[in-house]
Amino acid sequence: MGEENLHVVENATCTFCGCVCDDQILTVDRDAKRITKVKNTCALGRAWFTEHAHEERPVALIDGKEASLEDAVETAAQILAEARYPITYGLSDTTCEAQRHAIAISDVIGGTIDTTTSVCHGPSGIAFEGVGESTCTLGEIKNRADLVIFWGGNPAESHPRLFARYAIMPKGMFTPNGRKDRTVVLVDVRKTKSAPVADIFLQVKPGRDFELLWALRALVRGGRISGDIEEITGIPLETLKDLAERMKNCRYGVLLFGMGLTMTRGRHFNSGALLALASDLNDFTHFVAKPVRGHGNVTGADNVVSWQTGFPFGVNFSRGYPRFNPGEFTTVDVLSRGEADAAMIVASDPASNFPGPAIEHLKKIPVIVLDPKETMTSRLAKVAFTTATYGISVPGTVYRMDDVPIPLRTAFDSPYPSDQEVLSAIEARVRDLRAAA
Amino acid sequence: MAETLRIINGRVYDPINGIDGEVRDICISGAKIVESVPKGGKTIDAQGMVVMPGGVDIHCHIAGPKVNLARKVQPEDHRYDVHPRTAFTRSGTGGTVPSSFTTGYRYTTLGYTTAMEAAVPPIGARHALEELRDTPVIDKGFYVLLGNNLLLYQLLSEGRHEEFLNAVAWWIKACKAYTLKIVNPGSDVPWKTKNNANITGVNEQIGDYELTPRKVVKALIDAANTLGLPHPAHIHCNNLGHSGNVATTLETMAAAEGERAHITHVQFHSFGGQLGKNPISAASKISEFVDANPNISCDVGQVMFGKSTVMTADAPLAYLLRNYTKDRRWVNADTECESGCGIVPFSYQEHVYTHTLQWGIGLELFLLAKDPWRMVLSTDHPNGGSFMSYPRLIRLLMDRTFRNEEIRKVNRKAMRKTVLLDDIEREYSLQEIAIVTRAGPARLLGLKDKGHLGVGADADITIYEEDDDKELMFSAPRYVIKDGRAIIENHEFRTDHEGRILHVAPAYDPDIEKTLRPFFDSYYSLQFDNYAVSDHYAPGAQVIPTGK
Amino acid sequence: MAETMTLIAGRTSKQGTTLNAGKLKDDYREVTSSGEMNQDDMARLGLKDGDLVRLSTGAGDTVIRCSGRKPEDLPAGLIFLPYGPPSSQLMTGDTALSGMPLSKNIEVQVEPLGAPEAEG
Amino acid sequence: MEAETLSPDRLEGLSAKAAAKLSVQYGNASAPLGDFFEVAETAHDEMRLSGDLSRVKLVGAGMSRGRIQIEGDIGQHLGATMTGGEIMVEGNAGDWVGPEMRGGRIEIRGDAGHAVGSAYRGSRVGMAGGEIMVHGRAGNEVGNSLRNGLIAIGGDCGDFAGVNLLAGTIIVLGALGIRAGAGMKRGTIVAMGPTEILPTFTYACRYRPDFLRLYLMRLRALGLTIDDAQIAGAYNRWSGDSVELNRGEILVYDGAA
């Protein structure tokens with residue numbers, strides 16, 4: 001029956017990972033509200049689009065009981081307006097339009113706003129504030145890069161199209177032969193599914209990325225390094241020297257790095273070492289670095305929070321103006337120390353991936369959740385909203401991992417409101433409540 | 001029935017309408033200035049006050065990709081300069097690169113009601129517009145970077161002039177830009193392909209293209225004028241910051257061949273001396289040329305001492321400057337097929353020869369200018385200093401005694417390379433200040449409803465309390481009226497206001513897509529059909545007409 | 001006879017695709033509680049593919065199913081586990097001023113539990 | 001809670017009544033000091049704080065003179081950006097003890113958290129004067145971007161001690177964590193315990209540094225446990241960081257001379 005209503009959406013954007021591929025071609029059955037076919041996609045994108053038949057759930061739950069949208073908004077607003085130390089977290093899987101309202105709410109109620117950046121490339125953000133960054137849009141990698149180094153990441157599984165669409169295979173302006181015009185290096189502690197694409201694979205000892213990067217910096221800058229570098233890092237000095245020379249002599253080099261740096265001992269200093277190495281190399285040739293970002297719009301969250309507050313994540317408004325201090329105002333810390341007395345979680349599931357102490361505290365305080373799906377976090381929520389999914393039923397803007405903003409096209413309508421609609425309703429209500437107070 | 005407002009007893013400075021300090025009433029109905037309003041409406045008694053059109057900033061960096069990178073990279077710049085929320089307004093942070101809300105509010109507290117972001121790569125237009133929407137009160141727009149655009153280079157070098165013109169129009173319209181911007185034309189080619197090299201002159205060949213910066217500049221100046229953009233090509237010349245670059249600047253101005261062109265932050269391009277040696281001032285040469293060539297207009301790009309942030313599409317410049325600061329931080333961001341940018345936290349110091357010379361050159365350009373309508377005020381915010389230093393700059397122009405005191409405090413050696421030690425008598429009048437901060441920029445931008453207080457003008461009005469200390473006077477207006485609404489009354493915010501996006505939409509031959517699409521498919525990393533910016537990003541925008 | 005090893009939590013495409021279906025679905029649980037270990041380590045601990053091990057840190061503990069990888073792919077002393085509730089049980093709340101809990105290269109105690117009980 | 005109010009500069013000359021009226025920040029609202037503290041008469045520019053203060057931040061922030069005695073634990077940002085005066089803590093201190101301080105003295109009898117005497121994110125210079133003494137252990141980033149002054153840790157400390165060190169001295173009587181002195185330009189890091197040196201540092205010599213004796217004798221006089229062997233003993237000197245100026249040094253105790 002749906003056959004007559006098969007509908008094709010071209011240039012659709014996949015928001016599953018930071019690649020934000022905007023060349024997806026969706027075949028949509030609008031009666032069944034299903035995407036039946038996806039072209040130009042990867043395993044993750046196919047699952048993202050085709051597994052997205054929405055669930056039959058109430059639009060809102062209060063204490064696990066079905067509630068009207070209005071009552072849920074009212075209850076959420078009351079909780080937030082009365083809280084002394086409310087925190088809003090998530091935001092990396094929703095549109096910039098929604099993010100703007102989430103920040104407005106935190107501003108109005110004197111709360112804290114943080115995004116999944118703090119447990120993704122937050123440390124790279126801190127590193128950026130120490131050494132800056134030489135970087136580029138993904139198209140520059142496609143057009144120019146003749147040396148591509150992946151460090152501490154496994155794109156083959158986390159960002160499947162990074163290779164084919166942007167970094168290794170594509171033919172570009174100065175890379176007419178695609179793969180043939182590039183040397184590809186992979187640095188990781190284990191041979192991942194990404195290893196086969198590399199011309200050179202360096203297996204660094206676990207937790208020794210910093211030492212390896214630091215030694216490379218010294219080599220590039222002509223500083224001395226001690227002879228036992230192989231014992232420390234697992235990489236022979238000769239191999240390191242060879243890599244340093246390749247880096248100095250390439251035409252346009254790029255370092256793409258993942259959470260193998262940000263989630264290991266050293267965290268922001270690991271990212272800082274890599275960013276500094278890329279900057280150093282510009283004394284010899286053109287060299288850029290780029291953190292490979294995870295969620296569809298985590299980069300948008302960084303951007304919106306930055307332009308509205310001046311800081312990229314972990315921002316506290318309790319004194320009536322924005323303050324930034326990772327480790328103090330970041331969510332894992334605020335929850336683990338038991339400081340927050342209310343939480344609003346937008347499009348994220350901390351109850352399934354935060355450390356135990358943080359989850360324990362979440363269970364103790366009133367939690368508001370906006371999510372298209374039922375999650376471990378929505379299960380412990382005082383107020384849970386079912387919202388429409390961005391990029392499938394909600395239009396808007398997302399930022400690719402290289403800060404390029406890309407519009408979203410919708411495949412089919414959702415019976416549920418968007419995050420933006422719910423958040424703007426809550427914003428309006430908390431403004432009234434705070435004004436009255 | 002629209003709200004009305006009458007401003008009485010104020011001394012009005014409205015250069016465009018030839019009103020120089022006369023006491024007269026200004027009547028406002030709705031968002032416009034009108035002939036008269038019925039008695040009994042709201043009235044502001046401006047007795048002993050100065051009434052001017054709202055300020056217009058023709059060149060600043062307040063929104064878009066590079067601005068946000070500069071915000072992110074300097075948390076310490078915000079930490080000690082916070083901007084608390086009020087009952088009406090959002091909170092934010094200041095420093096040299098304020099958050100978007102704070103930018104809007106702080107311009108308002110200076111009596112500025114319009115500001116133009118001067119450099120946005122086309123691919124970042126959507127981003128710039130999103131930020132401008134979060135920049136309250138003021139009207140705003142941006143200039144789109146087309147001076148290092150590789151498709152335009154291809155069309156131009158192959159002599160495909162019709163397509164070139166249509167592509168320029170398409171890009172401006174697709175981005176919702178206000179005009180086109182040229183930054184260090186040609187530089188991105190050596191920068192990205194030749195070990196970070198730079199272009200060294202207007203006649204140097206650009207890579208393998210049959211092109212020179214001169215050809216690029218001339219072609220884009222012609223394009224802007226042929227399309228009838230309200231503001232002509234906005235040009236950041238080659239060799240910024242290099243000793244002897246005055247020659248390049250004069251050659252670039254000459255390349256306009258009598259056509260309208262705007263040379264921006266010209267102070268940075270007025271260096272005499274020899275390459276590699278200390279610069280000396282060549283302000284007089286620039287000044288003479290501009291006076292003699294009415295097709296050329298400039299903004300000064302004054303340097304003010306203290307913290308600044310170098311942020312520019314001139315990536316090779318930032319790369320050079322990173323070696324002139326103790327700060328470890330340097331940001332470079334290449335933009336595919338279009339542009340790039342560089343960012344370096346910086347500060348200008350009285351004891352440093354070059355910094356002081358730049359400060360002096362800026363003042364010379366102001367004080368030597370015969371026609372202030374074409375040498376208007378800017379600090380290239382935040383490159384030369386924050387827009388928050390405008391009041392101090394105004395005092396330097398208006399107050400000879402203060403100026404001479406300041407001159408005595410700074411690097412003597414540098415001052416000797418300028419004419420400033422000869423105790424220049426000129427003091428800007430309030431009328432001249434009104435010209436360089438409002439009427440002039442508005443006229444150069446082709447904003448017919450701004451920069452004056454005549455009937456039909458936008459009711460964007462600033463009311464200052466007269467004071468001998470001009471810095472004090474211009475840092476805290478008593479009233480600021482935007483679109484007929486009193487935003488600031490008795491120095492305090494009384495309400496919030498959105499302000500409009502200003503952009504142009506030149507016509508082009510739709511067939512140009514046949515030229516653009518294949519290039520995008522080959523060399524861009526996003527889809528052609530997702531590139532152009534939809535109206536969703538500029539609700540309620542005011543489209544300024546183009547064409548003769 | 002518990003041993004100290006290094007845990008690496010990371011993304012896999014299976015973890016990613018099952019995540020779309022829903023984090024409360026069995027597939028996702030299955031994927032996020034199935035880890036990889038160096039073959040020789042497993043042999044030494046007397047473990048077969050599919051056997052269970054208990055991982056514990058100061059922060060907490062969890063039980064996962066493990067399968068062997070060749071030494072050249074996964075060096076001795078390493079355990080790989082897709083992100084998910086089990087891996088997060090092993091993280092502490094101290095982020096060392098980074099906002100980021102240590103989630104890779106965590107020192108864990110590994111205790112072999114042998115074959116799982118028949119599910120029922 | 002944030003209580004920069006608790007500083008001699010703010011309280012001096014105020015009666016207990018007046019002091020109790022001063023406001024502190026509790027979550028997103030301010031409240032009178034008296035709601036949380038019993039204010040007894042304050043001695044002339046000397047304060048005593050007791051009770052559980054482990055959640056009270058910014059005590060002594062910006063202080064320029066006087067003395068604060070804290071009986072028990074204290075929260076984050078103790079003595080932030082202080083320029084003078086003295087803070088004595090009987091218990092443990094949270095993260096950021098004396099960040100970006102310019103002068104004065106802080107002594108912690110117990111342990112301290114991360115970033116003792118450090119720069120806040122984005123700042124080029126951390127502590128630029130004064131003295132911090134921690135009798136117990138300290139966390140990561142001790143003396144991050146230190147430019148001037150002395151930081152002494154009685155026990156072990158975490159990773160990246162003296163990272164980006166510009167100048168000044170860090171003495172650790174226990175063991176250093178890994179990556180000490182990464183990116184250091186100048187300055188001295190001393191460790192009594194065993195420590196792993198970055199590959200970008202080079203061994204210079206084994207010697208008996210005179211300047212160190214003076215420091216150590218002073219620290220011993222101030223109550224840190226230092227034996228004669230350490231004062232008279234020999235130290236291995238490593239110079240680095242070779243990615244920077246290579247003019248910094250790490251001295252590791254190597255037994256009696």
Side-chain angles (χ1 to χ4, degrees), chain A residues 10-11 13 22-23 96 100 104 107-108 125 128-140 142-144 165-166 171-174 251-252 276 279 282 284-286 288 302-304 306-312 317 319-324 395 397 399-400 402-407 435, chain B residues 63 65 67-69 71-79 82-85 87 90-95 97-102 123-124 126-127 130-131 134 150 191-193 195-196 319 322 328-337 340 343-344 522-527 529-530 534 536-537:
Chain A
E10 297 201 332
N11 305 302
T13 299
D22 66 331
D23 60 341
C96 294
R100 289 156 79 170
D107 190 359
V108 170
F128 176 67
E129 295 163 349
V131 300
E133 178 181 52
S134 172
T135 190
C136 68
T137 61
L138 293 175
E140 291 285 39
K142 161 180 162 175
N143 285 328
R144 302 175 183 276
R165 182 166 158 84
Y166 305 109
K171 298 178 161 62
M173 199 175 287
F174 300 95
R251 186 183 64 227
Y252 193 104
S279 296
N282 282 279
F284 306 91
T285 183
H286 205 84
V288 297
D302 286 10
N303 274 293
V304 182
S306 292
W307 83 57
Q308 291 206 350
T309 72
F311 308 113
F317 290 97
R319 290 208 149 176
Y321 50 81
R323 288 184 302 171
F324 166 78
T397 314
Y399 283 61
R400 205 168 58 186
D402 57 352
D403 293 312
V404 171
I406 294 174
Chain B
V67 174
N68 222 24
L69 284 169
R71 282 191 190 102
K72 268 189 269 187
V73 82
Q74 301 180 93
E76 82 289 355
D77 193 33
H78 308 311
R79 186 176 295 115
V82 297
H83 192 91
R85 124 183 122 252
R90 290 283 300 274
S91 74
T93 52
V97 193
S99 61
S100 61
F101 297 114
T102 301
I123 209 172
R126 203 173 263 115
H127 178 168
E130 281 201 287
E131 278 195 34
D134 278 345
L150 296 183
W191 168 245
K192 293 175 182 177
T193 59
N195 304 345
N196 301 344
Y319 175 71
R322 73 184 181 147
R328 293 167 189 260
R329 292 169 294 186
W330 166 60
V331 178
N332 175 71
D334 302 334
T335 309
E336 61 205 64
C337 311
I343 298 162
V344 178
S522 309
Y523 302 126
Y524 271 85
S525 61
L526 74 166
Q527 299 296 95
D529 294 297
N530 287 333
S534 73
H536 164 78
Y537 293 93

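Proteins come first, then strands; the chains are lettered A, B, ... in the order of their sequence lines, and each starts at number 1.
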Are any non-hydrogen side-chain atoms of A:Pro407 and B:Asn530 less than 4.5 angstrom apart?
-> yes
Do you know which of B:Arg71, B:Gln74, B:His78 makes side-chain contact (heavy atoms from CB on, under 4.5 Å) with A:Phe311?
-> B:His78
Show your reasoning for whether salt bridge (Lys or Arg N to Asp or Glu O under 4.0 Å) applies to A:Arg100 and B:Asp134.
-> CA-CA 9 Å; A:Arg100 289 156 79 170; B:Asp134 278 345; 3.1 Å; yes
Of all the heavy-atom pairs spanning A:Thr137 and B:Glu336, show the shortest one and how long it is.
-> OG1-OE1, 2.6 Å
May I ask you to decide if A:Asp107's main-chain N or O and B:Arg85's side chain share a donor-acceptor pair within less than 3.5 Å?
-> yes
Under 4.5 Å to a heavy atom of chain B? For A:Arg144 that would be side chain
Side chain, backbone, both or neither: which part of A:Thr13 has a heavy atom under 4.5 Å from chain B?
-> side chain
If you measure from OG1 on A:Thr397 to NE2 on B:His127, what distance do you get to the nearest 0.5 Å?
-> 11.0 Å
Could you look at B:Thr335 and say if it's the side chain, the backbone, both or neither that has a heavy atom under 4.5 Å from chain A?
-> both
A:Arg319, part contacting chain B, at a heavy-atom distance under 4.5 Å = neither
Is the shortest heavy-atom distance from the side chain of B:Ser91 to the side chain of A:Pro322 under 4.5 Å?
-> yes
Selection from B:Arg90, B:Arg328, B:Glu76 maximising heavy-atom pairs under 4.5 Å formed with chain A = B:Arg90
Part of A:Ala104 within contact of chain B (heavy atom distance under 4.5 Å) = both
A:Asn11 versus chain B, the contacting section by heavy-atom distance below 4.5 Å | both
Which atom pairs, one a donor and one an acceptor, fall under 3.5 Å between side chains of residues 128-135 of chain A and the rest of the protein, sequence neighbours left out?
| unit_1 | atom_1 | unit_2 | atom_2 | d |
| --- | --- | --- | --- | --- |
| A:Ser134 | OG | A:Phe287 | O | 2.7 |
| A:Thr135 | OG1 | A:Ala289 | O | 2.9 |
| A:Thr135 | OG1 | A:Lys290 | NZ | 3.0 |

Heavy-atom pair of closest approach, residues B:Thr193 and A:Arg251 = O-CG, 4.3 Å
Which atoms of B:Pro65 approach chain A - backbone, side chain, both or neither, heavy atom under 4.5 Å | neither
Do the side chain of A:Lys142 and the main chain of B:Ser525 share a donor and acceptor less than 3.5 angstrom apart?
-> no
Can you tell me if B:Asn195 uses its side chain to pair, donor with acceptor, with the backbone of A:Thr285 under 3.5 Å?
-> no
Taking the side chain as every heavy atom from C-beta outward, state whether B:Leu150 and A:Met173 have any atom pair closer than 4.5 Å.
-> yes
Heavy-atom proximity to chain B below 4.5 Å, by part of A:Phe317 = both
Below 4.5 Å from any heavy atom of chain A, which atoms of B:Tyr523 appear? Answer side chain, backbone, both or neither.
-> both
Which atoms of B:His83 come close to chain A, meaning under 4.5 Å heavy atom to heavy atom: side chain ones, backbone ones, both, or neither?
-> backbone
